[in-house]
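Letters A, B, ... are given to chains in the order of the sequence lines, protein chains preceding strands, and every chain is numbered from 1. It should be emphasised that the depicted structure is a prediction, and the values quoted were computed from it without experimental measurement.
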Number of protein chains: 2
Amino acid sequence: MSNETPTSTATLPDTTPHPDDDLIRSGRDAAATRRALVRAARRRFATDGYRATTVRQIAADAGVNVALINRYFVSKEGLFEACMLRTSDELDTQTRTPHRPSDVAEVIDKLIEHVVNSPDGDDPLQLLLLLRSSGDENADRIRRRTMEHFTRQLAAAAGWRADDPQTAPILLRAQLAIATMLGVVMLRTSAAVHPVASASAHDLAEPLGQVFRALLAG
Amino acid sequence: MSNETPTSTATLPDTTPHPDDDLIRSGRDAAATRRALVRAARRRFATDGYRATTVRQIAADAGVNVALINRYFVSKEGLFEACMLRTSDELDTQTRTPHRPSDVAEVIDKLIEHVVNSPDGDDPLQLLLLLRSSGDENADRIRRRTMEHFTRQLAAAAGWRADDPQTAPILLRAQLAIATMLGVVMLRTSAAVHPVASASAHDLAEPLGQVFRALLAG
DNA sequence: TCGTGATGTAAGCAATCGCTGACTTGTCGA
DNA sequence: TCGACAAGTCAGCGATTGCTTACATCACGA
């Protein structure tokens with residue numbers, strides 16, 4: 001249990017409102033503190049799970065006093081819910097097809113890119129978070145809604161129409177593609193199983209592309 | 001939290017050594033007690049995760065006193081390790097290709113059957129357990145070894161040979177198939193995301209078959 | 001019949017968890 | 001300059017956790 005406490009950079013008088021200073025800030029900025037907490041919490045929740053991460057760990061990662069978690073997010077579950085909401089938002093803006101609908105090939109490339117960025121990237125952590133559960137009904141509802149929203153976006157790119165029952169199988173196929181993504185990211189990040197954990201982006205691109213095309217194209 | 005305590009059958013003088021009486025037994029049989037504990041523990045660990053399940057829950061599910069967990073398995077982690085070992089054994093005997101090697105179609109049908117049995121079946125719980133981690137090094141090593149052994153078995157059926165480096169990509173493809181299995185089971189069982197959680201076996205068979213064939217056949 | 005080891009039971013300890021309340025410190029407008 | 005409020009700190013509470021110890025009970029051979 002490497003409790004990596006920030007050694008240096010803890011006492012420097014950084015008063016400049018740097019826009020992306022998430023971990024390790026210097027105080028008196030509620031908004032920045034909240035962001036730092038969500039950022040640190042999401043990392044812990046995604047990698048270690050809800051129960052395994054303690055609020056003291058999160059606070060230490062963010063360089064913040066523990067009591068502030070309850071002040072800003074009421075409870076640990078409230079913080080988890082905030083993580084879910086932020087992930088839901090980011091995932092929505094990232095996966096929204098901006099211009100051309102039904103450009104399946106382009107969407108598939110995006111999916112592959114998300115997967116191969118694991119285990120080092122930050123995006124796959126968002127996906128992992130969607131698999132975590134706190135037992136809280138609110139957070140679980142957000143998670144389900146996010147996942148189903150993500151499914152509909154992907155399915156729409158593959159030709160699914162909400163008003164056409166004949167395209168219903170596409171919805172299921174899109175969700176199977178998401179399940180594949182989640183499974184691969186899980187094996188690469190959390191389980192660290194080889195060879196998939198050590199495979200390069202180039203190694204993964206071809207077989208993943210075949211899977212996604214088998215599910216979404218045609 | 002339905003704490004299903006055994007109502008009846010708890011006081012009957014069942015002295016017959018029934019071979020499969022796992023949950024709810026009547027005492028004075030150490031082997032049966034151990035089996036009941038492993039059975040109950042695996043269920044909890046697979047569905048709720050390691051940290052979220054308490055030894056008191058497991059003992060209650062098995063109808064056994066809490067102290068027996070430490071007596072028979074030393075610690076909670078020891079019980080988790082026993083669950084991993086049992087799952088590893090069962091998975092090994094189940095997936096071992098008995099007669100004909102390289103019969104890919106038959107193996108694929110087995111994989112599909114494993115997946116569609118979720119979320120009600122008991123087999124998918126074994127798979128879910130492989131995604132759980134206790135933080136214990138021993139259990140994690142067993143898990144990785146099991147997963148990689150499973151990968152090699154599946155890859156061998158698809159034409160992979162350990163002594164032929166040219167078939168190395170097949171190994172990765174087999175593991176991607178396993179990742180897909182795990183992802184789908186996760187979404188069906190733990191996350192309960194629709195439509196995949198409510199899809200019938202018939203709905204899943206076709207797209208899953210396409211995915212597995214894209215990865216393993218050819 | 002009785003004693004001995006195996007099996008099961010009950011109570012509680014030490015550690016850790018999330019969380020709270022009282023307090024201090026910094027910031028900023030009047 | 002100073003008061004008022006937000007932001008952050010600190011110590012500790014009640015509850016729960018895994019685990020241990022001492023005790024009770026059953027099976028079984030001499």
| task | Take nucleotides 11-20 of chain D nucleotide by nucleotide from the 5' end and write B, S or -, depending on whether a protein heavy atom sits under 4.0 Å from the base, only from the sugar-phosphate, or from neither. | result | -B----BBBB
| Checking all strands, does A:Tyr72 fall into the base, sugar-phosphate, or nothing category for heavy-atom contacts under 4.0 angstrom? | sugar-phosphate
| query | When the distance from CD1 of A:Ile58 to P of C:dC19 is rounded to whole Å, what number comes out? | reply | 10 Å
| query | Do we see a donor-acceptor contact under 3.5 Å between the side chains of A:Ser133 and A:Asp140? | reply | yes
| request: Could I get the full list of side chain to side chain donor-acceptor pair (under 3.5 Å) partners for A:Ser198, not counting sequence neighbours? | output: A:His194
| remark: Separation of D:dC23 atom P from B:Arg71 atom CZ, nearest Å, is 15 Å
| Side-chain N or O of A:Thr33 less than 4.0 angstrom from OP1 or OP2 on D:dG8? | yes
| Lys NZ or Arg CZ of A:Lys76 over A:Phe45 ring: under 6.0 Å, within 45° | no
| message | Ignoring hydrogens and geometry beyond distance, is a side-chain donor-acceptor pair present between B:Thr151 and B:Gln175 at under 3.5 Å? | response | yes
| CG of A:Leu68 versus P of D:dA7: gap in Å, rounded? | 10 Å
| field | Cationic N near anionic O, under 4.0 Å, A:Glu148 to A:Arg143 | value | no
| Can you tell me if A:Ser88 uses its side chain to pair, donor with acceptor, with the backbone of A:Met84 under 3.5 Å? | no
